[in-house]
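Down below is the structure, laid out as structure tokens.
The first residue of the sequence shown is numbered 1, and numbering continues consecutively from there. Worth saying up front: this structure is predicted, and the values here are computed from it rather than measured. Order of listing sets the numbers, starting from 1, for every ligand and every atom in it.
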Amino acid sequence: MCGIVGYVGQGKCKKYVIDGLKRLEYRGYDSAGFVCIDQKHKQFNFFKKVGHVQELEKALHDLELKSSIGIGHSRWATHGIVNELNTHPHFNCDKSIAVVHNGIVESYEEIRKKLIESRHEFESSTDTEVVAHLLESLIKTHKTLKAAIVDLVRQLKGAYALVFLFEQYPDQLLLIRKRSPLLIGVGDDEMFIASDVLAFCDQTNKVIFMPEESFAIVKKDQIELFDFEGKALIIKPQEIDFKHDQVDKQGFEHYMLKEIYEQKRSIDRSISFCKFIGSNNFNNLTHISDNFLTQEAKIQYQDSIWSQLGITSEKIKELKYIYLIAAGTSWHACRIAQFFFENICKIPTYVYLASEFGYMPFFPEENSLAIFVTQSGETADTLEALRVVNSCNVFTVAITNVPSSSIVREANGFLPMQAGPEISVASTKAFSTQVSVLFWLANRVALEKKLIDIEVMKAAEEDLLLAAEVLEISIESYKWEIKQTLAKKYSKYNRFIFLGRHISYPFALEAALKLKEISYIFAQCYPAGELKHGPIALIDKETPVILFSSLNDLIYQKLVANAQEVKARNGHLVTFVFEGQQELIELSDYSFIVSRVNPFLGPLAMTGLMQFFIYQITKELDRPIDRPRNLAKSVTVE
Ligand code: F6R
């Protein structure tokens, strides 16, 4: 959601900014813009286009733009419709200050009103344009640029990553960060600016993650960093290990398909990482290498897992409550994990939707742990919920796929997943890796609390690897049938009902979300036991029911009864079942049969097949699978 790319250095501004914006396309956007200072005429050159970055690239293609400083932006509309006027960059009255912005300035209406009274004129409906005008007026009333900036941030409420370019200072960029990430890549006589490390990861491996509430004046060979009071900060670049080839499609038609197939490796790698934490220093690494998997387990089940999480073994032993907080797919992973923590660790576990959390009473208990689960580590709702919990003195831990993300800096401790970069907007491998890491963690907590012994812990790890294998093998078993007949057949329906029970209910929620977000087919999901309380009225031949089975015998019997209810009303039933679940198979119009695994890992075993089926249905409909309409990969606004 929105991307910022900036450059100051050696004349390759246009190329770097356009390439960088393309790399951030996966985050989702609806228009893109670029501004630079033309070396010859010493003035701004700017371009805005609605649609893909390619449109902007075309507009710039034939222009001889010699520039060594500039910024680009991809916008995901929040304030104002999608059009060129609302596309960034935005400017002050005489167009001598340009700004791009990620986030939302909450105080923009009152500021805008005051500025209009003092004769500022606005071209767009955005909150961002207000910032350029406000800085213009503050520069006039303060002695130095620094003093004006300190006043600016005092007046700006909300979340923002801002990058400014000034005609008056053609060798410097101004960067401001509050609750929205902004990074500086340090090169040789050049600096790369971006809101996501992917934009410049093959230009330099030296990165400064701007601290929360800070601003920086960046020249090609110098960075001055300040806090919001204007006090100088010293911060050293960190070295990152991240290569752009990690995000190639590698021959797959879509990132989503590639990521579906990467799941087994992502899970294996993440579990290896969890097991070996502490035997190496991973602090500054983004992802572990596959060589790592070949290492023998030298140090097993050390307390180092707890130091990674920033918590003590004593605190884990005393744990009385767990809160799991997340959004979207990550929330579904948490709903599944609730079964792990409550059954394996015997700890009451509450799962919260991050977007609802701030508006509900929260009763923090002593000896509790709040775990925030987020692929991107940048989801605004999740970050806001984290801030609330942090203020309640509850220990907070982030489980994220992006170790350089904001959540890592704000939570008390963090556990990096090793899923590898997830580019497709619809989450696939992050979901299965989250479920796996949470299952591992639940067992590890149980081991610490002496509820299980080391043999059970090892068996749990084996179970995870087996479930990951089943996840992959099941795709292979049904691949051809799905491609040749099933996808075509089911892509013709306009709506679906999804059912699950117990641990398969949150999984059914995830399946319904996947179908909706990438195929745009309407899907409604219910706990199967609720069917008779209303939704059964929807059952007809035109509305296939997709039911996910369980390996819990009692739940299975209940699901058989629910399947009978569907068939008794002439419903069309598709089931995802486990080997030997004959009654369900016989009731179904079609069954996907998956090998048996540890009952807690049933959803994990079915994940690949479910995702592949939905992917192929969507392909039949010719939708933009990796970038569905209206969606963004990182949802950085509330
Ligand atoms: C759906 C999807 C979203 C995200 C949600 C949270 O496929 O990807 O529902 O799961 O926006 O994102 P993260 O996990 O980055 O916090």
Exercise. Would you say ligand 1 has an N or O under 3.5 Å from any N or O of Gln375?
Worked result: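 It does: an N or O of Gln375 is found under 3.5 Å from an N or O of ligand 1.
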Quick one: nearest non-hydrogen protein atom to [atom], plus distance?
atom: atom 11 (O) of ligand 1; value: Val635 CG2, 3.8 Å
atom: atom 4 (C) of ligand 1; value: Thr329 N, 4.0 Å
atom: atom 12 (O) of ligand 1; value: Thr379 OG1, 3.4 Å
atom: atom 15 (O) of ligand 1; value: Ser376 OG, 2.7 Å
atom: atom 6 (C) of ligand 1; value: Ala327 O, 3.3 Å
atom: atom 14 (O) of ligand 1; value: Ser330 OG, 2.5 Å

Exercise. Does the ring of Tyr255 carry Lys249 above it, NZ/CZ under 6.0 angstrom from centre and within 45° of its axis?
Worked result: yes
For this session: May I ask you to check if Arg177 and Tyr160 form a cation-pi contact, with NZ or CZ under 6.0 angstrom from the six-membered ring centre and within 45° of the axis?
Result: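 Ring-cation test returns no.
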Numbering as shown, the atoms of ligand 1 that approach [X] to under 4.0 Å (heavy-atom distance):
X: Ala426; result: 7 (O)
X: Val425; result: 8 (O)
X: Glu517; result: 1 (C), 7 (O)
X: Ser427; result: 7 (O), 8 (O)
X: Gly328; result: 9 (O), 10 (O)

Between [X] and [Y], does any side-chain N to carboxylate O distance fall below 4.0 Å?
X: Lys633; Y: Asp626; answer: no
X: Glu262; Y: Lys429; answer: yes
X: Arg387; Y: Glu384; answer: yes

Problem set entry | Pairwise side-chain contact, Val394 with Tyr323, heavy-atom cut-off 4.5 Å (strictly under) |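 Side chain of Val394 against side chain of Tyr323, heavy atoms only: contact under 4.5 Å found.
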Exercise. Side-chain contact, heavy-atom cut-off 4.5 Å: Phe372 with Val389?
Worked result: yes
Problem set entry | For ligand 1, the portion of Lys514 having any non-hydrogen atom under 4.0 Å away |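 The answer is the side chain of Lys514.
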Exercise. Just one of Phe548, Phe578, Phe613 clears the ring pair (Phe, Tyr, Trp, His ring centres under 6.0 Å) bar with Phe592, so which one?
Worked result: Phe613
For this session: Starting at SG of Cys525, measure out to NZ of Lys516 and round the result to the nearest 0.5 Å.
Result: 7.5 Å
